[in-house]
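Notes for the one structure printed next.
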Amino acid sequence: MTRLFALAAVLGLALASLADARPVSDPHPTLTVGTATAARGQKVAGAIEVPPAADSGTRIPAVVVHGAKPGPVLALVAGAHGTEYSSILALEKLIDLLDPASITGSVIIVPLVNVASFEQKIAHVNPVDGKSMNRMYPGRMDGTQTDRASYLITKQVVEPSDHLIDLHGGDLDESLRPYSYWTKTGNAPQDSIAREMVLAFGLDHIVIAADRPKDPAQSRYLENTASTRGKPSLAAEAGYAGTTETDDIDLLVNGCLSVMRYLKMLPGPAAMVEHPVWIEAIPAVKSEATGIFHPLVKRGTYVGKDMRIGYVTDYLNRPIQDVIAPEAGVITYIRAVPSLTKGETIASIGVVAK
Ligand SMILES: [Zn+2]
């Protein structure tokens with residue numbers, strides 16, 4: 001009797017532990033972004049449809065790579081600035097590279113947010129309404145095309161995700177040195193994961209962004225829209241001045257894959273950068289007048305405070321402004337073209353954290 005009872009108890013325990021080992025129900029049997037719905041193990045292409053209102057509508061291409069096994073949902077976004085080509089091409093490459101059969105979790109890929117900018121080769125803004133597509137988040141449906149697109153990306157890309165990576169680079173007129181942003185939200189556990197993510201991404205210069213809006217209703221930037229909603233995220237920049245160099249594209253592709261390894265979405269260890277240069281501020285130098293810009297340094301050059309890093313002439317080659325470094329640091333980007341209008345950014349200097 002005692003033995004039978006003991007046996008029943010052991011069986012009961014075994015059954016109980018079997019029940020514990022049963023997989024929890026899948027929170028995302030399917031995953032939908034815009035017109036794309038993927039079941040487990042599928043990669044499905046579609047688009048986020050932005051309806052017309054006061055101005056025209058648009059279709060933002062999107063791919064859902066729904067891994068065979070449940071896990072984190074990671075959003076990869078590029079092309080808010082549609083002529084930052086390296087970042088766009090990096091995600092185009094990842095659309096092919098990512099195999100849902102070998103992924104734990106899911107990847108939402110939005111490689112080209114600002115289609116009109118890409119097609120018309122217009123830097124910085126959406127030519128439909130003249131707005132930057134990385135300043136209007138979380139967006140609203142009663143605004144212009146950028147506002148509506150931002151709202152739908154918040155709802156359909158940010159909200160279903162656990163993490164987000166927003167890719168950028170130097171635009172047509174910017175000669176940029178690769179770097180990433182670590183956003184400090186003030187939430188220590190979240191900031192620690194985000195820090196590991198930027199280290200896993202692998203770029204060796206990291207800007208500490210501690211001054212981003214804290215209010216999710218006023219998040220402005222895409223990465224900040226994810227961060228203010230409790231999702232550890234990052235932004236990264238590589239590429240410059242309309243170029244599509246393999247080195248830059250590979251930095252971004254490998255960075256995304258390494259973050260996926262850190263998040264255990266892919267097998268193998270993440271390649272953590274060991275001794276990054278932490279940048280605590282990036283003061284910008286603006287032009288005082290319209291004219292012709294002549295650089296004296298290149299992207300990535302380390303400069304001293306008050307060093308002359310370029311100058312501006314008028315259209316008859318008469319000097320009108322010396323461009324002086326406001327702080328010592330690394331040129332994160334410098335103007336890539338001679339065209340310069342009053343008030344535009346000429347250069348940004350990354351001030352290395354002490
Ligand atoms: Zn950008």
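In this chain, residues are counted from 1 in sequence order. One-based numbering, in listed order, for ligands and for the atoms of each.
For the Zn ion (ligand 1), the N/O/S atoms of Glu237 include none lying under 2.8 Å. The Zn ion (ligand 1) has His81 among its coordinating residues (N/O/S atom, backbone or side chain, under 2.8 Å).
Not one N or O on the side chain of Arg335 forms a donor-acceptor pair closer than 3.5 Å with the backbone of Ile346. Side-chain atoms of Thr185 come within 3.5 Å of backbone N or O of Asn187 as a donor-acceptor pair.
Taking the Zn ion (ligand 1) as reference, the nearest N/O/S atom within His168 carries the name ND1.
Counting heavy atoms from C-beta on, the side chains of Glu84 and Leu172 never come closer than 4.5 Å.
Annotation: the span from Trp182 atom CH2 to Leu234 atom CG amounts to 12.5 Å, rounded to 0.5 Å.
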